[in-house]
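Data block below; observations after.
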Amino acid sequence: EIRRFSRLQQLSLEKNKILFLSSDNFQGMPDLVVLDLASNKIRALPEDVFQSLDHLEFLSLSDNKIAVLPTALFQPLTHLWHLFLSGNDIVEIPAHGFDTLQNLRELHLDLNRIASVPQDFCRNLQYLEMLGLANNQIERFPADIFQPLRNLRTLDLADNHIVDLSPTSFKGLLHLE
């Protein structure tokens, strides 16, 4: 029965009441490019839930109840361009959770409960053009944290608890608009 979805390229499940996803929910959908799971009630994600989605370019998990991002969650999504995680209960960004997302252009982490950002958070996001971290609880950023983001055009840090910035916080950000 899953073979009927083998050519599916876009799947929108937004605005439902999905509580859980299992590791095999997206098996048999190798051509999926767009997956929208926004506005559900998802609390947790199995680390391998996106394992078979090699061609995914757009993923929205916004407006759910996700508190923890497993470190290897996004590892198979090497073609991902747009990632929306806004409006969840995320308290911590996994230090190496975005390492394999080297093609990512847009990352939205707004409206969460993030208090700190790990030093290596941006190290492999050299093509990122938009980073949204607004409406969190961030007080400080490690020095030079944004330096790898040479193509960043938009950086939204509004409505946090920022108390001080390093003189080199924005070093290397040559394309901000």
Side-chain angles (χ1 to χ4, degrees), residues 1-118 120-122 124-125 128 130-139 156-161:
E1 179 124 359
I2 282 180
R3 275 182 255 156
R4 290 182 15 208
F5 299 111
S6 65
R7 292 189 169 179
L8 188 67
Q9 292 188 340
Q10 296 185 18
L11 177 59
S12 177
L13 292 166
E14 69 177 318
K15 296 181 182 174
N16 281 289
K17 296 179 190 310
I18 299 169
L19 294 170
F20 304 101
L21 294 174
S22 67
S23 298
D24 60 354
N25 279 137
F26 306 110
Q27 294 290 325
M29 299 181 192
D31 293 334
L32 202 62
V33 175
V34 174
L35 178 57
D36 192 344
L37 293 162
S39 301
N40 279 284
K41 298 178 185 295
I42 301 167
R43 292 189 180 280
L45 296 163
E47 194 165 69
D48 58 351
V49 69
F50 304 125
Q51 193 66 40
S52 63
L53 301 179
D54 299 343
H55 297 98
L56 202 66
E57 294 178 7
F58 177 100
L59 174 60
S60 180
L61 290 161
S62 291
D63 301 317
N64 278 285
K65 308 273 184 212
I66 301 165
V68 176
L69 296 174
T71 301
L73 180 65
F74 304 117
Q75 191 171 359
L77 306 180
T78 57
H79 292 91
L80 200 65
W81 279 46
H82 309 278
L83 179 56
F84 294 84
L85 295 165
S86 299
N88 280 288
D89 295 323
I90 300 167
V91 288
E92 182 177 63
I93 297 172
H96 301 287
F98 300 99
D99 280 2
T100 60
L101 302 182
Q102 295 168 358
N103 292 306
L104 199 64
R105 301 300 196 271
E106 193 174 2
L107 176 57
H108 296 268
L109 286 159
D110 312 274
L111 295 162
N112 280 288
R113 298 184 306 137
I114 300 166
S116 66
V117 180
D120 291 334
F121 163 60
C122 301
N124 291 330
L125 301 178
L128 199 68
M130 193 291 162
L131 176 58
L133 285 164
N135 294 86
N136 280 289
Q137 300 167 6
I138 302 167
E139 292 183 5
D156 191 353
L157 304 174
D159 292 319
N160 274 287
H161 301 240

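Position 1 is the first residue of the sequence; numbering continues from there.
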Measuring from [X]:[atom1] to [Y]:[atom2], what's the distance to the nearest 0.5 Å?
X: Leu19; Y: Lys65; atom1: CG; atom2: NZ; value: 10.5 Å
X: Arg7; Y: Asp31; atom1: CZ; atom2: CG; value: 8.0 Å
X: Asp48; Y: Leu21; atom1: CG; atom2: CG; value: 11.5 Å
X: Asp159; Y: Asn135; atom1: CG; atom2: CG; value: 4.5 Å
X: Ser116; Y: Ile138; atom1: OG; atom2: CD1; value: 8.0 Å

Minimum heavy-atom distance between [X] and [Y], given as atom pair plus value:
X: Asn136; Y: Leu111; result: ND2-N, 4.2 Å
X: Ser62; Y: Leu85; result: OG-N, 3.8 Å
X: Leu11; Y: Met29; result: CD2-SD, 4.2 Å
X: Gln27; Y: Ser52; result: CA-OG, 3.7 Å
X: Pro76; Y: Leu73; result: CD-O, 3.7 Å
X: Leu83; Y: Leu101; result: CD2-CD1, 4.0 Å

Does [X] have any side chain to side chain contact (heavy atoms under 4.5 Å, CB included) partners at least two apart in sequence or in another chain, and if so, which?
X: Thr100; answer: Gln75, Thr78
X: Ile93; answer: Phe98, Leu109, Ile114, Val117, Pro118, Phe121, Leu133
X: Asp156; answer: Asp110, Ala134, Ala158

Exam field: side chain [X] to backbone [Y], donor-acceptor pair closer than 3.5 Å:
X: His79; Y: Asp54; result: yes
X: Asn64; Y: Asn88; result: no
X: Arg105; Y: Asn103; result: yes

Point to revise | Check: Leu45 and Leu61 side chains under 4.5 Å, non-hydrogen atoms | key: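 Yes; the side chains approach each other to less than 4.5 Å.
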Exercise for review: Please list, chain by chain and in numerical order, all residues satisfying salt bridge (Lys or Arg N to Asp or Glu O under 4.0 Å) with Asp99, sequence neighbours excluded.
Suggested key: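 Listed in chain order: Arg123.
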Point to revise | Glu92 atom CD: more than 12 heavy-atom contacts under 6.0 Å | key: no
Review point. Cut-off 3.5 Å, side chains only: do Glu106 and His82 have a donor facing an acceptor?
Key: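 Yes, a side-chain donor-acceptor pair sits under 3.5 Å.
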For residues 34-44, please give each side-chain donor-acceptor pair under 3.5 Å, one per line with the distance, not counting sequence neighbours.
| from | atom 1 | to | atom 2 | distance (Å) |
| --- | --- | --- | --- | --- |
| Asp36 | OD1 | Ala38 | N | 3.0 |
| Asn40 | OD1 | Asn16 | N | 3.2 |
| Asn40 | OD1 | Lys17 | N | 3.3 |
| Asn40 | OD1 | Ile18 | N | 3.1 |
| Asn40 | ND2 | Leu13 | O | 3.0 |
| Asn40 | ND2 | Leu37 | O | 3.0 |
| Asn40 | ND2 | Ala38 | O | 3.3 |

**Study point:** Listed once per pair and sorted, the ring pair (Phe, Tyr, Trp, His ring centres under 6.0 Å) pairs that draw on residues 18-60, sequence neighbours left out
**Key:** Phe58-Phe84
